[in-house]
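Below you'll find the structure, written out as structure tokens, and then a few comments.
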Amino acid sequence: MTYQNQINVELTDIIAPAFYGVHWDIKKGKHTHYKLKGGRGSTKSSFTGVEIILGMMADSEANAVCFRRVGNTLQESVYEQLLWAIDALNVNHLWHASLTPLRLTYKPTGQRIAFRGMDDPNKAKSIKVRKGYFKYIWFEERAEMDGEEAERKVLQSLMRGGSKFIVFYTWNPPKSINSWVNQDVMIPRDDTLVHASTYLEVPKEWLGEQFLVEAEHLKKTKPQAYENEYLGKATGTGGQVFDNVTVRVIEDEEIERFDKVYHGLDFGYAADPLAYIKCYFDKTRRRLFIFGEVYQVKLSNTNAVKKIKQHNPLNRYVTADSEDIRTINEFNELGLRTIAAKKGPGSVEHGIKWLQDLEEIIIDPIRCPNAKREFTGYELEKDKNGNFKGSYPDKDNHAIDATRYALEEHMVFRKAKIGKRSKVGL
């Protein structure tokens with residue numbers, strides 16, 4: 001008997017409209033990774049539970065394993081969510097639920113759903129099944145995890161021995177753009193579908209009247225909190241420096257039209273990386289395109305010049321941090337035409353404000369992942385009283401500094417122009 005004969009429920013009665021497209025994407029096998037972010041009540045976790053149960057009943061080789069950061073939170077969250085899916089599909093007579101150990105078993109074939117905490121990602125190596133493989137992997141409340149390295153260790157251990165894998169990630173986006181989960185979804189991958197959902201796309205009767213009352217109250221009284229908690233937006237902590245950044249792939253056809261390209265370089269010191277930036281400035285539309293970078297610690301001058309020349313084959317002038325004239329001279333001796341940035345008092349604040357004033361800073365996340373991370377994550381720091389400090393933090397800003405150096409001639413020109421205009425006004 002196939003699982004279609006065992007299911008007598010209309011899926012539209014248990015899957016919200018926002019997820020219809022994702023459901024068909026999964027059925028057609030279009031992607032491996034499904035990163036489902038959303039606000040409260042978006043039903044992303046309910047959808048994931050239904051898909052795992054349906055998928056296992058359709059494939060006798062498929063098993064599943066579900067993760068949360070702390071193991072003792074599994075029973076009252078993801079385990080209960082899967083039990084809900086089983087009940088909603090009216091197939092509870094086909095599944096056996098165990099609390100010790102925490103496990104769900106599909107009776108006709110013995111397929112299993114295991115549950116583990118991420119407090120030690122290396123424990124994933126010990127998870128075994130007698131039949132089939134772990135086709136489905138679910139990271140619930142992803143924002144609580146310790147980072148992509150922990151996820152990667154789990155996937156390296158589990159994604160073997162099968163022909164097709166489906167990995168679900170579900171979470172509510174944190175406020176800060178600098179959060180690793182918010183940064184992660186900015187980098188496109190061909191095998192990954194990123195999906196955002198909100199409670200507004202869910203039938204009201206599924207949520208209940210009180211849920212809607214609470215959401216509307218927060219919307220009226222604390223709109224920014226509402227956008228983060230209910231709409232799943234990374235609203236920021238209020239200290240974000242650059243709110244004009246767009247992260248997207250810059251196509252080769254666009255780059256071919258760039259008539260003048262600028263190059264900036266911030267030298268690495270000790271544990272700090274060397275950062276080189278390649279960019280184009282559309283002066284008419286005040287749009288900056290960042291589409292090339294070298295970003296590495298412990299990079300010798302010889303290798304740095306070699307890598308930069310790959311981005312700068314015509315050996316155009318590179319404007320570098322003037323603090324280290326000896327290194328600038330050595331770069332010139334190695335064949336890279338390098339000049340010192342003028343800098344001067346107030347140049348950091350002026351340069352950052354100039355960048356803030358641009359209509360748009362467009363960063364290619366594939367070519368420039370570190371520039372993307374720095375510009376989107378650069379935030380003012382707070383003092384002990386919780387107030388934002390007046391100065392810009394001098395950390396995690398190496399690509400930003402390199403960008404300032406690259407465009408210094410435009411910043412100086414604009415400053416002089418403003419000064420002249422003011423004098424005329426007097």
Side-chain angles (χ1 to χ4, degrees), residues 22-23 25-38 44-45 47-56 58-71 73-74 77-79 81-82 101-104 111-174 179-196 365-366 369 372-373:
V22 185
H23 171 75
D25 192 284
I26 294 169
K27 282 187 71 68
K28 294 175 182 178
K30 289 187 174 182
H31 295 89
T32 298
H33 301 274
Y34 290 86
K35 297 181 177 179
L36 312 179
K37 59 176 182 171
K44 54 191 178 295
S45 296
F47 166 76
T48 300
V50 169
E51 288 296 328
I52 289 176
I53 298 301
L54 285 174
M56 288 181 62
D59 182 353
S60 61
E61 294 295 308
N63 295 276
V65 58
C66 307
F67 293 93
R68 281 201 64 175
R69 185 177 185 276
V70 180
T73 61
L74 286 161
S77 58
V78 63
Y79 179 77
Q81 192 66 70
L82 286 160
L102 200 63
R103 178 186 297 163
L104 293 172
Q111 295 161 258
R112 293 179 176 179
I113 302 177
F115 302 85
R116 292 290 187 277
M118 286 283 285
D119 35 335
D120 184 0
N122 291 317
K123 290 180 180 179
K125 296 178 181 178
S126 63
I127 307 176
K128 305 293 181 184
V129 286
R130 185 166 53 189
K131 177 184 178 182
Y133 67 102
F134 286 110
K135 179 177 181 178
Y136 295 95
I137 302 167
W138 182 7
F139 296 104
E140 166 71 322
E141 298 292 356
R142 189 190 190 205
E144 298 177 354
M145 305 291 186
D146 290 331
E148 57 184 336
E149 182 179 352
E151 287 182 348
R152 188 165 60 248
K153 286 182 178 179
V154 169
L155 297 179
Q156 288 168 349
S157 298
L158 295 178
M159 296 182 77
R160 59 182 67 175
S163 57
K164 175 65 179 176
F165 295 90
I166 297 177
V167 186
F168 292 105
Y169 311 76
T170 52
W171 76 99
N172 291 41
S179 168
W180 73 273
V181 286
N182 291 331
Q183 291 284 323
D184 172 72
V185 295
M186 294 182 183
I187 303 175
R189 279 182 51 164
D190 291 340
D191 63 350
T192 300
L193 175 68
V194 177
H195 181 270
I366 303 299
K372 180 270 303 179
R373 176 181 53 80

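When a residue number appears, it is its place in the shown sequence, counting from 1.
Residues N63 and K131 bring no donor and acceptor atom of their side chains to less than 3.5 Å of each other. Remark: the Y169 side chain and the D184 side chain contain no N/O donor-acceptor pair separated by less than 3.5 Å.
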Audit row: E141, R69, salt bridge (charged side-chain N to carboxylate O under 4.0 Å, His left out) steps and yes/no | CA-CA 8 Å; E141 298 292 356; R69 185 177 185 276; over 6 Å; no
Can you list the steps and then say if V181 with K37 is a side-chain contact (heavy atoms from CB on, under 4.5 Å)? CA-CA 9 Å; V181 286; K37 59 176 182 171; over 6 Å; no
| task | Would you check, one step at a time, whether the test side-chain contact (heavy atoms from CB on, under 4.5 Å) holds for H33 with L155? | result | CA-CA 11 Å; H33 301 274; L155 297 179; 4.0 Å; yes
Just do the side-chain contact (heavy atoms from CB on, under 4.5 Å) check on K35 and W171 with the steps written out, would you?
CA-CA 9 Å; K35 297 181 177 179; W171 76 99; 3.8 Å; yes
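V78 approaches C66 most closely through the heavy-atom pair CG2-CB, 3.8 Å. Closest approach of G117 and F67 over heavy atoms only: O-CD2, 4.5 Å. Shortest non-hydrogen contact noted between Q81 and W138 is CG-CH2, 4.1 Å. Closest heavy-atom contact between M118 and E151: CE-N, 4.0 Å. The nearest pair of heavy atoms linking F134 to A114 is CE2-CB, 4.5 Å. The two residues Y34 and V22 make their nearest non-hydrogen contact at CD2-CG1, 3.9 Å.
Although no hydrogens or angles enter the test, the distance criterion places a donor-acceptor pair under 3.5 Å between the side chain of K44 and the main chain of G38. Side-chain N or O atoms of D191 include none that pairs as donor or acceptor with a backbone N or O of H31 at under 3.5 Å. In this structure, the side chain of Y133 engages the main chain of K164 through a donor-acceptor pair within 3.5 Å. Distance alone, capped at 3.5 Å, is enough to place a donor-acceptor pair between the S157 side chain and the K153 backbone. Here the side chain of N182 pairs a donor or acceptor atom with the backbone of P174 at under 3.5 angstrom.
The structure places NZ of K30 at 13.5 Å from CG of D190, a figure rounded to the nearest 0.5 Å. Taking CD1 of I137 as the start and CZ of R116 as the end, the distance is 13.0 Å to the nearest 0.5 Å. To the nearest 0.5 angstrom, Q111 atom CD is 12.0 Å from R130 atom CZ. Rounding to the nearest 0.5 angstrom, the gap separating the CG atom in L82 from the CD1 atom in I113 is 5.0 Å. For the atom pair CD1 (I26) and CZ (F47), the distance works out to 4.0 Å, reported to the nearest 0.5 Å.
Listed by chain and number, the residues in a side chain to side chain contact (heavy atoms under 4.5 Å, CB included) with Y136 are I52, M56, A62, A64, I166, F168 (sequence neighbours excluded).
Considering only heavy atoms from C-beta on, R142 comes within 4.5 Å of W180 through its side chain. Between K372 and Q183, some side-chain heavy-atom pair lies under the 4.5 Å cut-off. Under the 4.5 Å side-chain criterion, counting only non-hydrogen atoms from C-beta, L104 is in contact with Y79. Side-chain contact check for T32 versus T192: every heavy-atom pair is 4.5 Å or farther apart.
By the 4.0 Å N-to-carboxylate-O rule, E61 lies too far from K135 to be salt-bridged with it.
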